Structures are given as C-alpha cells and as structure tokens.
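Since the structure is predicted, the reported quantities are computational estimates derived from the model, not experimental observations. Below, all heavy atoms of this structure are taken into account, side chains as well, without hydrogens, waters or symmetry copies.
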Amino acid sequence: MALTGLAVALIPLYLVGAAIYVYFAASQEQSHRAQLQNLAVNRSNAVQLFLAERTAMLEALAHTAPLDNLAQPGELRNVLTILNKKHQSFLDLGIIDAGGDHLAYEGPYRLEDRNYGGEAWFEETMVRGVHISDVFLGFRRVPHFVIAVRRDDRPQPWILRATIDSEVFTRLVRSGQAGLTGDAYIVNRDGKYQTPPRFDGEILGQVPFSTTIAPPGVNVVSRETAHGGRVLTAFAWMTSKDWLLVIDRASRESTGPLQHALKIEFVALLAASFLVGGAVVFHTRQLVGRLAAEDRNRVAAEAQLAHSARLVSLGRMAAGVAHEINNPLAAIGELAGLMEDLIDEEFLDRAAHGPLFRDNVRKIQQHVDRTRGITHRMLGFARRMEPHQDTFNVNDVAVEALSFIEREASFRQVELVRELEADLPMIKSDRAQLQQVFLNLINNALDAVPEGGRITVASRALSDTLDVSVKDNGCGIEKEIHDRIFDPFFTTKAPGEGSGLGLSICHTIMKGLGGSLTFESAPGKGTVFMVRLPRTPV
C-alpha cells in the first residue's frame with residue numbers, strides 16, 4: 001500500500017520537475033549563445049573600428065604632410081606625441097623610402113639603419129597601398145604588428161609605418177571576456193595567437209584547434225578543450241583583416257545559475273517527497289499499527305492469563321514447601337540456640353576449638369533465619385508484601401551477600417572484587433529483601449562467568465540515590481532477549497537449573513523499595529546489573 005501510494009504521488013511530480021528542468025536548460029543554453037554571439041559581434045566591431053581609426057589617422061597624416069616636413073629632425077616626435085595625446089596606442093613611427101631604408105624614425109628601438117626591402121609587410125604595402133600586418137618578431141625580436149600606408153610622391157613613393165602598442169590592443173580584445181573563467185583573443189588564419197590568451201598559451205603560439213571549425217561570420221559552438229573540459233566558444237571573422245576573434249566561456253560557469261536552480265528544484269522535490277511520503281507512510285502505519293495493537297493486546301491478555309495461572313500454582317506449591325521446610329528449620333534453630341546457651345566461658349576455656357564452635361553455631365542460626373526469610377518471600381511472591389524498614393549501611397549488606405558465595409567462588413577460582421565507596425550514608429529500607437536481591441544477582445553472575453572469571457561489586461553515593469552494581473565478565477545477554485529478562489519464568493539456563501523467577505522477584509522487590517533494577521549487557525562482554533536505592537534520611 002505504501003509503495004503504491006508513493007509511486008502514484010511521486011512519479012508525476014518528478015516527471016513534471018524533469019520537464020521543467022529540460023525546458024529551462026534549453027532556454028538558458030539559447031540565451032547564453034545569444035549573449036555570447038552579441039558580445040563577439042560588439043568586440044569584433046570594436047577591434048575593427050580601432051584598426052580603421054588608426055589606419056585613417058596614418059592615411060590622413062601621410063597624404064597631408066609633405067615628406068620634407070615629416071623627415072625634419074624632431075618632427076616625427078611631435079607627430080607621435082600628438083597622435084598619442086588622446087589614444088595612447090602608437091609605439092613608434094617611421095618613414096621608409098621605396099628601397100626599404102629609413103628616412104626618419106621615432107621610437108624606443110634603434111631601427112634607423114635597418115632595411116625592410118625584403119619584409120612581407122613592406123612588399124604588401126607597396127602593392128596594396130595600405131596594410132595591417134600579422135604579429136611578427138621583426139628586427140626588434142619582440143612580438144608586434146604594424147599599420148603601414150603608402151604615399152605616391154615623385155620621383156618615388158614612400159611609406160609611413162606605425163607600430164601598435166600590444167598592451168593597449170590586448171586590453172581592447174580582452175574586454176570581451178565573459179565571466180570569471182572566460183577568455184578572449186585573436187588568431188590569424190594559420191591558427192597563431194595574435195594576442196596572448198589568459199590560459200595555456202602565448203602570443204605567436206599555436207591554438208589547440210583548427211580555424212576551419214569557425215565558419216564565416218559570427219557563430220557560437222560548443223567544443224572540447226585540450227584538458228578535456230567543455231567550453232562555449234564564439235567565433236567572429238573580421239572583414240577588414242583576416243583575423244578570427246575567439247571568446248571562450250566555460251560551460252560550468254554558463255550553467256551555474258541553472259545548476260543553482262536545479263538544486264532549489266531538487267530541494268523542493270525532496271521536501272514534497274518527504275511530505276507526501278510521510279503522509280502515505282503515516283496513514284499506512286496507522287492502519288497496520290491498529291492491527292498490530294489488537295494482536296499485541298490479544299497476546300498480552302493470553303500471557304497475563306497464563307501468568308495468573310502460574311502464580312496460583314506457585315502460591316499453592318510455596319505454601320506446601322514453606323510448611324515442609326519451616327518445621328525442620330524450627331527444630332534446627334531451637335537446637336542451635338540450645339547449643340549456644342550451653343557454650344559458657346568455662347566451655348570456651350576448656351575446649352581447644354571453643355570459639356570456632358561458637359561461631360559456627362551462630363552461622364547456623366543466621367542461615368536458618370535467612371532460609372526462613374526466603375520461604376516467607378516465596379509465599380508473598382503472588383501477593384504484595386510490605387517492606388520492613390531497617391536502618392543499615394548498604395556496604396554491609398553487599399559484604400554479607402559476598403560472604404555466602406566466597407567458598408564456591410574460591411573453588412571455581414573466580415575473583416571477587418569489592419569497590420565499595422567508604423563512608424556511605426545510612427539508609428532506611430528492608431535489609432532482608434535487599435540482601436536477597438544482592439544474593440540473586442551475585443549468584444547469577446557466578447553462573448555466568450567461566451572458571452577464572454571476575455565479579456565486581458561496587459557502590460557509590462550520588463546526590464539523590466545510592467547505586468550498587470554487580471558486574472561480571474561472563475558470556476553476556478543476547479540483545480534479542482533484553483526486553484524479556486525480567487519476565488516471570490523466563491530463564492536462559494538449561495532445564496532443571498533455574499525457574500526464571502529470580503530476576504522477576506528482584507525487579508518486584510526493588511519497585512517495592514522505591515528503587516530500580518537495570519542492566520547493560522553485550523554478548524561476550526559481560527553484564528552489569530545496577531541496583532539504585534533512594535537516599536532516605538535517617
């Protein structure tokens with residue numbers, strides 16, 4: 001029922017979410033392509049305008065100023081200063097005759113004695129009249145490009161040449177970068193960098209792709225980088241110069257907002273799933289819970305009925321057992337009392353083992369009294385017994401309980417460890433019933449530990465309670481039966497070795513004394529039973 005309800009509710013929800021994501025992903029992809037294409041068109045126009053303006057300035061200068069004036073010493077310096085006054089873009093100026101020699105030069109390099117007759121840009125300028133070169137090293141061995149204009153004077157033509165400042169041109173191109181990881185650069189038809197890229201490349205280096213993938217005009221494509229990543233690239237071929245403007249934008253950056261929206265959508269779907277799933281599971285569990293509750297009530301009623309029948313049988317059996325045991329105990333107690341009366345000072349002085357004889361007689365009386373208490377509590381198991389208030393020290397009761405099993409523990413080589421806190425306060429409680437609890441717990445621990453094991457009895461005083469723990473390093477209790485350990489007639493011992501009433505009686509006694517009995521256990525790590533008594537003022 002739960003799975004069917006979840007499927008009917010959640011599958012359409014996730015299908016709608018997937019459809020929304022696909023739609024917005026396609027819309028955003030189209031939007032980013034359009035933005036990148038517009039950026040490429042704008043930057044391409046800006047670069048071409050830059051080149052056209054500088055070319056027009058040189059043409060105007062070459063065709064208006066006489067050669068004799070421009071060739072005068074210091075004149076080119078004035079002209080260069082005027083040209084760079086508004087736009088600092090010209091690096092040097094030179095006037096070159098038809099043979100390729102300098103007639104005048106102004107700039108940071110020593111080029112006055114250089115001959116350019118065999119240079120490609122010089123030949124192109126002489127043929128075409130105006131030429132913008134690709135980036136080259138030239139005589140200065142520094143990457144640069146030039147704009148050259150020819151003037152046809154008599155008797156021979158001459159050329160006005162200017163070198164463009166690479167940093168200014170590079171900044172102009174890089175202003176087209178898109179995003180934090182984007183890049184913008186120019187390459188020529190042969191795939192050589194004309195401006196340096198931001199990442200993985202240098203000017204005049206070879207680009208990692210073929211320029212043939214860029215069709216004429218302005219286009220946006222998705223391509224793979226040399227490192228295996230994906231980028232969205234805008235290509236724009238320039239009309240005034242055979243250069244290709246390239247603008248890259250990382251796909252992960254362009255899809256960042258979409259990924260953010262996807263996370264929000266996923267969180268919303270997850271929240272909706274929890275709400276729907278919670279409602280379905282809640283109602284299903286309610287239905288199943290009602291059926292299970294009815295089942296548990298029926299089983300509990302049957303168990304209570306069986307328990308009541310056992311208690312009735314136990315009460316009848318206890319009455320007979322108590323009668324049969326109490327009569328011999330009375331005789332033993334009377335004889336022990338008589339023997340104690342006959343032990344006087346003369347007997348103690350005359351007999352070699354007189355004191356030992358007297359101590360053993362007293363121990364017999366103590367065990368008779370304890371056995372009477374046990375039979376009395378057996379009679380009260382099926383009915384409530386009011387505790388008898390005594391004033392005593394808990395440590396004394398624990399020591400007495402340990403003394404009863406010292407001989408058996410020694411025989412089985414089991415170490416008895418006492419960690420009893422000194423100066424415990426006196427309390428009011430039922431000493432006999434508490435002793436029965438301690439004896440039962442210590443006997444159970446002795447049964448649980450192997451030969452050579454260890455039993456530790458510890459006590460401590462807390463603010464409101466006195467705690468006494470009985471710890472063993474025996475086999476432990478399986479987790480599956482923790483909830484049943486205090487049930488009447490439940491035992492882990494072999495048939496004939498225990499009735500399963502000991503812990504149940506201890507648990508009932510501790511409730512009657514206003515305290516509690518708890519335990520912690522794990523298979524193979526031993527068991528700790530904790531007796532907690534209220535600190536009643538004395």
request  = Please test V220 against T233 for side-chain contact (heavy atoms from CB on, under 4.5 Å), starting from the C-alpha separation and ending with a verdict.
outcome  = CA-CA 6 Å; V220 178; T233 301; over 6 Å; no
request  = Identify the two heavy atoms, one from G176 and one from A184, that lie closest to each other, and give their separation to 0.1 Å.
outcome  = C-CB, 3.9 Å
query = Are L232 and R33 side-chain neighbours, meaning at least one heavy-atom pair lies under 4.5 Å?
reply = yes
ask   = Hey, does F209 have a side-chain heavy atom less than 4.5 Å from the side chain of R223?
value = yes
inquiry  = Please tell me whether T518 and R532 have a donor and an acceptor in their side chains that are separated by less than 3.5 angstrom.
reply    = no
ask   = CG of D467 to OG of S516: how many Å apart, nearest 0.5 Å?
value = 7.5 Å
request  = For D483, look at atom CG and say whether over 12 heavy atoms of other residues, nucleotides or ligands are found less than 6.0 Å away.
outcome  = no
key: Heavy-atom check, side chain of D183 versus side chain of Q177, under 4.5 Å   = yes
query = Applying side chain to side chain donor-acceptor pair (under 3.5 Å), which residue pairs with at least one partner in residues 392-402 are found, sequence neighbours left out?
reply = N395-S459, E400-R431, E400-Q435
Exercise: identify the closest heavy-atom pair between V218 and A40 = CG1-CB, 4.0 Å
ask   = Do Q35 and R249 have side-chain heavy atoms sitting under 4.5 Å apart?
value = yes
message = Quick check: closest heavy atoms across L402 and I442, and the distance to 0.1 Å?
response = CD2-CD1, 3.8 Å
More than 12 heavy atoms from other groups under 6.0 Å of CD on Q286 = yes
Exercise: identify the closest heavy-atom pair between A236 and S44 = CB-CB, 4.0 Å
inquiry  = Quick check for you: to the nearest 0.5 Å, what is the distance between F404 atom CZ and Q366 atom CD?
reply    = 6.5 Å
Residue pair E265, I20: steps toward the side-chain contact (heavy atoms from CB on, under 4.5 Å) verdict = CA-CA 9 Å; E265 182 186 14; I20 292 174; 4.2 Å; yes
message = Can you confirm whether L291 is buried at CG, in the sense that more than 12 heavy atoms of other residues, nucleotides or ligands lie under 6.0 Å from that atom?
response = yes
inquiry  = I need the F235 CZ to I213 CD1 distance, nearest 0.5 Å.
reply    = 4.0 Å
message = With salt bridge (charged side-chain N to carboxylate O under 4.0 Å, His left out) as the rule and sequence neighbours excluded, what pairs involving residues 277-295 come up?
response = D295-R298
request  = Answer with yes or no whether the side chains of S175 and R43 bring together a donor and an acceptor at under 3.5 Å.
outcome  = yes
request  = Any chance you could lay out the salt bridge (charged side-chain N to carboxylate O under 4.0 Å, His left out) test for R198 and D248, step after step, and finish with the verdict?
outcome  = CA-CA 10 Å; R198 289 178 66 189; D248 291 332; over 6 Å; no
query = Taking everything shown except E167 itself, do over 12 heavy atoms lie less than 6.0 Å from its CD?
reply = no
query = Where is the tightest heavy-atom contact between P523 and I477, given as atom of each residue plus distance?
reply = CD-O, 3.8 Å
inquiry  = Looking only at the side chains, is there a donor atom on one of Y185 and T170 sitting less than 3.5 Å from an acceptor on the other?
reply    = no
ask   = Hey, does the side chain of S469 reach the backbone of V531 with a donor-acceptor pair shorter than 3.5 angstrom?
value = no
query = CZ of R412: more than 12 outside heavy atoms within 6.0 angstrom?
reply = yes
key: Rounded distance [0.5 Å steps], CZ in R460 versus CG in L466   = 11.0 Å
inquiry  = Counting neighbours of CG on N327 that are heavy atoms of other residues, nucleotides or ligands and sit closer than 6.0 Å, is the number greater than 12?
reply    = yes
request  = Show the numbers, then the answer: is there a salt bridge (charged side-chain N to carboxylate O under 4.0 Å, His left out) between R418 and E406?
outcome  = CA-CA 12 Å; R418 296 172 175 85; E406 282 182 342; 2.6 Å; yes
remark   = When every non-hydrogen atom of L439 is compared with those of A401, the smallest separation belongs to CD2-O, 3.5 Å
query = So V470 and M530, side-chain contact (heavy atoms from CB on, under 4.5 Å) or not? Walk me through it.
reply = CA-CA 7 Å; V470 178; M530 179 65 68; over 6 Å; no
ask   = Any donor and acceptor pair, going by atom type alone, linking the side chain of T284 with main-chain N or O of V280 inside 3.5 Å?
value = yes
query = What distance do E415 atom CD and N473 atom CG have between them, rounded to the nearest 0.5 Å?
reply = 9.0 Å
ask   = Can any side-chain N or O of R454 pair as donor or acceptor with the backbone N or O of V449 at less than 3.5 Å?
value = no
query = Are any of the side-chain heavy atoms of V528 and F519 separated by less than 4.5 Å?
reply = no
ask   = How about Y14: does its OH atom have over 12 heavy atoms from other parts shown lying under 6.0 Å from it?
value = yes
Donor-acceptor pair between N444 and N440 side chains, under 3.5 angstrom = yes
key: Backbone of P196 reached by a side-chain donor or acceptor of R174 within 3.5 Å   = yes
task = Indicate yes or no: at least one non-hydrogen side-chain atom of E451 is less than 4.5 angstrom from one of V414.
result = no
query = Looking at side-chain heavy atoms only, is the closest gap between T225 and D200 below 4.5 Å?
reply = no
key: Nearest-0.5 Å distance that lies between atom CG in L441 and atom CZ in F529   = 6.5 Å
inquiry  = How about CZ on F199, more than 12 heavy atoms from neighbouring residues, nucleotides or ligands closer than 6.0 Å, or not?
reply    = yes
inquiry  = Evaluate F392 against L434 for side-chain contact (heavy atoms from CB on, under 4.5 Å), listing each step before the verdict.
reply    = CA-CA 11 Å; F392 59 92; L434 189 60; 3.7 Å; yes
request  = State, yes or no, whether a side-chain contact exists between T195 and I203 at a heavy-atom distance under 4.5 Å.
outcome  = no
